[in-house]
Each structure stands twice: as structure tokens, then as C-alpha cells.
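Here is the structure we will look at, set down as C-alpha cells.
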2 protein chains.
Amino acid sequence: MDVAREAGVHVGTVSRALNPATRSRVNAETAARIIEVARRLGYEVNIAGRALRTQRTQTIGALIPDLANPLFPRIVRGVEDSLEKAGYTALITSTDNNAQRERRMIAALLSRQVDGFLIASARLEDQALEELLQNGVPVVVLNRTSANARTSAVIADDPQGIADAMAHLVALGHERIAHVAGPGDTSTGQVRLQAFEAALDRYGLQRRSELVVCAEAYTIAAGTRCTRDLFNRGKPFTAVVAGNDLLALGVIDALKENRIPCPERVSVVGFNDIDFAERMSPALTTVRVPTYELGARGADLLLDMIYREREISTVTLPVTLMIRESTAPPPLPGTGLFGL
Amino acid sequence: MDVAREAGVHVGTVSRALNPATRSRVNAETAARIIEVARRLGYEVNIAGRALRTQRTQTIGALIPDLANPLFPRIVRGVEDSLEKAGYTALITSTDNNAQRERRMIAALLSRQVDGFLIASARLEDQALEELLQNGVPVVVLNRTSANARTSAVIADDPQGIADAMAHLVALGHERIAHVAGPGDTSTGQVRLQAFEAALDRYGLQRRSELVVCAEAYTIAAGTRCTRDLFNRGKPFTAVVAGNDLLALGVIDALKENRIPCPERVSVVGFNDIDFAERMSPALTTVRVPTYELGARGADLLLDMIYREREISTVTLPVTLMIRESTAPPPLPGTGLFGL
DNA sequence: CTGTTAGCGCGTTCAT
DNA sequence: ATGAACGCGCTAACAG
């Protein structure tokens, strides 16, 4: 390399001088001169070369289901900030929770020798994840748990969030509460559904299978379809706990379709507190998840696994119920849905 | 490599067989056997190794100001889809339109030998960009033009968008129209301001410097501050054209602060048509920009530059005015702001 | 403290 | 059509 020639030393010395970890092993003045020359020549280490030698690319792969869900950009931002401190960069890819696309992306990332994976895709059974684990690739999952629990995870306290939401609705006087659950093959979908049923039990409310419907995806359209389904079943309800905010928006759309005022006749609670949730009409009551921190902690955990081979662990982050305009006391008996 | 041993051939042959471009130069049966063995062994080419040899990492760097602005995830998605077809991946980084952070990110990406850059950061003067260009790195800028016009760009037809917005307001009867412009050091800020003034001239409306205020950033908070500023100046207006949707939301916040109903007393128009714009309260009238296509075309252009050294070019995408609830006829004289 | 050497995995060139 | 040898830029290990 020309930095070596310019500074009149050998490339090995340059390498040592430029690497903070090995700099101590070279004469201070020489090191200073080398650094100066490198700066003047605008030299940047070639990570491909280093990767070949060290088997570390200082790059990690991040699998994100859908950047258009405002939940994820904030997670990504947390990830970026944590990684940058360690000189790492993330290769970010959208998977759509599509198994095939996910496999393609993992292959592409593996081929780029990423040092580890951050996986926010929601699917629970995950053959791809399984393979990664078997090959000893460091993996941290975000906002989900994995079926086998053999990977580190950073999650929000979903049960607490649902419990808070239910307590709020019950305090308002609701008794017939429906649940538009997230997809059954996702960790969050399952956990929140269980928490919903547990809350029903806790408050002595009856479990009614007609008031629970599973969405096929975490999207607005799915939320709308589910709510129509709920209507078709003809069982009255005065509140809906949605699996996440996008589903909640879909629920509200379906209510509007049927000219059912929210929150006057039906209350709706979301989950995540995505950006803009408070600007929606009506402003969404929802459970806030510390998304930035979720990403940041996830990245920290992954770096730990890469460098210190730390044992696997799960970090649970606290949530907060944000009470806004989409919840209110139920209508008086006789004025509600289906003559309730 | 073990694939070679397993298949009983030399590594060179394996390399040729696995690379679609050179596969023709190897016996078809042998190639098939090698591919089969590689698949069975779960072999993936090491891009770092290839990069070292070919000086191509099949990775590009994408500089995004702020993923939390819903405009960008959709652009990113377009980028990803285009790149994937070519076996490319994007290293995505947020810059906050912060010059220092931008430089750090560019250095990190350069050090990873990215084959080119996609730059959606908005700042117009851009020393970092200048250096990239001088070093012959392929660059495509998105949703902005560059000061020196020496780089390819994909932009929306901003002048047309502003013209449509103004035509809409004038048709409604507005005469005193304010502009909360984007930052003066951004391409979009300048272009939209010019288009605003051109429209004023076209309709024989007076240019009033008191009705134009420049935001310091494309954020909701900046939009609110600017609108307060507008109020303090005491000049009446019945409509605001905002530099983008986030600014428009800020304008609406400021109106709410002052209990000025939108659109009854002041109409507001945004720009970009971000996700959820139609769900805001009031639903935002805004100019839709084909964001996905913007990203996709940008990536295509960049790949062209990388592989075919194409000359620089600018692609302009058409826009559409989305008329929703935030615009209406101006209040009758005597009922408006400041006794207008 | 610094120079030397080797090899990471790949593609290319030359030889066969 | 295939094998052998080399070098891309870097760092680890060893020698001095």
C-alpha cells in the first residue's frame, strides 16, 4: 500500500499503527506519522480485505418485515446508533414476512459474510432461523420470541400492555370486548391473544370464541376484513383490542364503513404506538413500545454475542398505555350494537 | 475449497461453473455436478473474496435523511426491489441531513467498497458529494438535484405539483396564500418556493415576502414554528402551501393551537402524500409523489452507471394532486383571519 | 519495536 | 475443457 511507501515503513507496521487495538505495539512517533500520512492520502481500510483475513466484516444483517410499518424505522434507528459506536453497519432488508424472500435475503447476507443477524420478522416457526442457529451464526430476534428459545431476544412486555389495555376498558365499563389478534404463526400474535384471554378470566368475563378473530397479516386491510367477519357473526361487542396499530386502523375503517361511531359505540385499542397514531382520527388509544431502545438493545446484545460469545438472554422492555380518543365508556344498554 | 474436492475438480473449475457469466466455458455435465455439490454443501460464494479480486462488492450505499419520514421507507423499498434483481444489496444509513454524520457514513461505506451511492439526503451544497464525484464513484441522487448537475438524478415534477396545488386553491377562491417553504439549502425547498412564486405571478397575485417563511428542517415541529411566525407578522392569509407533508402537519398543529379551524378558515396543502396522510384529521390535501418508482428508477440508473458507465441523466416522475379535507373555499370576507 | 511471510477465497491468466 | 499459479488488501504470527 502506498501509505507504507510514503511513510517509509512496512505495510505490517501501517496495519498495526492504524488499528487502535495494536497501536500500542508500535513506536508512538512512527504511529503518529503513519496516521498523518494515511489521513493526508485519504486512506480507508478495505473491509473486504480485512474480512478475508479476520473473518469479520463488521457488518450485520437486519431482517425487517416491512419498513412501511412505522414501528420498524424507529427500531432500525436504534440499531444503527448502537452499531455505529462499534464501527459496524447494518445491511437492512425487507422480508414481507414472506418465507421465500426471507431465505433469499439470508443467503444474500450470508454470502456477504455478515457477522450476525438481527431478525424482526415475526414468523414463529422458522426453518431459516433454525439453520442459522445450527451453523453457529449469532442471532438476536427483536420484538418476538423464537419457538425453540435458543436465541437471544429483546421484546416488549406484551402481556403487561394487553393487561393495561383491558384494565382501562373494564374501568370504562366494557364487558363485551372483542380481539382482532395478530397472525397465529407470530409470537406477538400468540402472546397478546393469551394475555387477552387471561385478562378476560381475571375480570370474570366470559371467553367467547365468536369475539376473537385472527388476522392473516399485520396490515390495515386485514384489520378491516376481520372486523367485517366479527359483524357477520352477529355477536354484540362494545370494544375491540387489536393485535397492533395497523389492525386497529383497519378496525376503525370497518366501523366507519358501517357508520358506527368510534369511540361512542365501539372503543378501539391498538398496540405499538406507531408514529402519527395520535394524529389519526380518532387519535388512537394504544400501548407504547420503546421501539428505539428495542433496536438499540438488540444491536448491543448481538455485538456481545459476536465478540464475547455471551450466553443467550432475553431482555424485556416496559410498555405504557397511551389513552387517547378511540376509547370511551360503552353506549348505554339498548343503544349499542345489535341492541346490546 | 471443499466443493472442489468433493466434486473431484479444481477450484478454478468450480469458480467458473458457479459464475453464470463463465459457466459456458465448462463442460455442461461437470457444471451440473459442481452446482449440485455446492447446493448440497450449502456453499455460498464469499463476496468479500470476490470483491477483493473484482473490485465489486455488489453492494451499494444508500444515504437516507430520516427513515421516520414515511416518504423514505417507500423509496427504500423501490431501491431494494430493483437491486435484488441484479444480485445487489443496499447498505442503508440515516444521516439526519447532518453533514458530519453524513461524512462518517460515507467513510464507513467507502471502506466497505460499495460500488456506488444512492443519495436522498436533501442538502444542496455538499462537499462530501463533491469528493465522491471527483473520485469517480457512481452516484445517483434521489428526490433532489445537485448544485453542479454532474450526477444522475431521479426527481418528481415538483413545479407541476406546486402549480396543481395553487390552481386548486385559486379555483376555490383563495387570494392570500402563504408558503411554509422547506429549508433553503435543499433542492426541493428552493424548487418548490420558485414554483410557488411563479404561480403567484401566473394568477396575478401579489408576491408578499411576509407570507413566505423558510423552515429550518422538514419536520412537524419546524412547520409549527413557521406558522407561529406567520401569525406574528400579522398579515392575513386563507391558505398555506407547505413544503412537504410533515411541515403541513406542523401548520395544522399551529392552527389548532390558535383554535383556527382547518379548512374552514385556513386551507393547508402538503407535498409527498406520505402514508397515513389520508387518515389524519383533517385528511391532508397533498401532492402525491411516486415514491416506490423513484427508488426503483434510481437504483436502475445507478446499476447502469456501475456496469455500463452510462452518461449522467435526470429522470422526472409525474405527480398527482390528492384533494382531501384540508382545503376548502376561503371564509367570507369579514369572517377570516385578522378581519380579512 | 519493526520487517517478513503466509494465507484468507476468489477470479484471471496462462499453460496444458 | 480444465489445472496451476498468482494477486487482490489485509492481519496474524514469527523472526529479528
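Just so you know, these numbers come straight off a predicted model, no measurement behind them. Computation of the quantities below employed the complete heavy-atom set of this structure, encompassing side-chain atoms and omitting hydrogens, waters and symmetry-equivalent molecules. Order of the sequence lines fixes the chain letters, A, B, ..., with proteins taken first and strands second; residue numbering starts at 1 for each chain.
- One can place CZ of R16(A) at 8 Å from C1' of dG3(C), the figure rounded to the nearest angstrom.
- Between D81(A) and R101(B) there is a salt bridge, since a side-chain N of the basic residue sits under 4.0 Å from a carboxylate O of the acidic one.
- Considering all non-hydrogen atoms of both residues, S94(B) and R77(A) come closest at CB-NH1, 3.7 Å.
- The separation between Q113(A) atom CD and dC10(C) atom C1' is 11 Å, rounded to whole Å.
- Distances shorter than 4.0 Å separate none of the side-chain N or O atoms of R50(A) from OP1 or OP2 on dG9(D).
- At a cut-off of 3.5 angstrom, counting only N and O atoms as typed in the model, there is no donor on one side facing an acceptor on the other between the side-chain of R53(A) and the base of dG9(D).
- Nearest to the side-chain atoms of V9(B) among the listed nucleotides dA12(D), dG9(C), dG3(D) stands dG3(D).
- For Q55(A) and dG7(C), the CD to P distance is 15 Å, given to the nearest whole Å.
- Between S15(B) and the phosphate of dG11(C), there is a side-chain N or O to OP1/OP2 separation shorter than 4.0 Å.
- Distance N46(A) CG to dC10(D) P: 5 Å, rounded to the nearest Å.
- Close to dT2(C), at under 4.0 Å from its OP1 or OP2, lies no side-chain N or O of H10(A).
- Summarising the geometry of A156(B) relative to L294(B), their closest heavy-atom pair is N-CD1, 4.2 Å, with the distance given to 0.1 Å.
- Within the 4.0 Å cut-off from OP1 or OP2 of dT2(C), not a single side-chain nitrogen or oxygen of T13(A) is found.
- No side-chain donor from either of Y218(B) and N97(B) sits under 3.5 Å from a side-chain acceptor of the other.
- In this structure a side-chain-to-backbone donor-acceptor pair under 3.5 Å is present from S111(A) to V45(B).
- Taking atom CG on N19(A) and atom C1' on dG9(D), their separation rounds to 14 Å, with Å as the unit.
- Taking atom CG on L52(A) and atom P on dC10(C), their separation rounds to 9 Å, with Å as the unit.
- Rounded to whole Å, the distance from CG on L18(A) to C1' on dC10(D) is 12 Å.
- Of the charged side-chain nitrogens involved, at least one lies within less than 4.0 Å of a carboxylate oxygen, so that E36(A) and R39(A) count as a salt-bridged pair.
- Using a 3.5 Å distance cut-off with no hydrogens or angles, the side chains of T59(B) and R112(A) do pair a donor with an acceptor.
- The separation between R56(B) atom CZ and dC8(D) atom C1' is 15 Å, rounded to whole Å.
- Contacts of residues 21-34 of chain A with DNA chain C (heavy atom under 4.0 Å): R25(A), V26(A), N27(A), T30(A).
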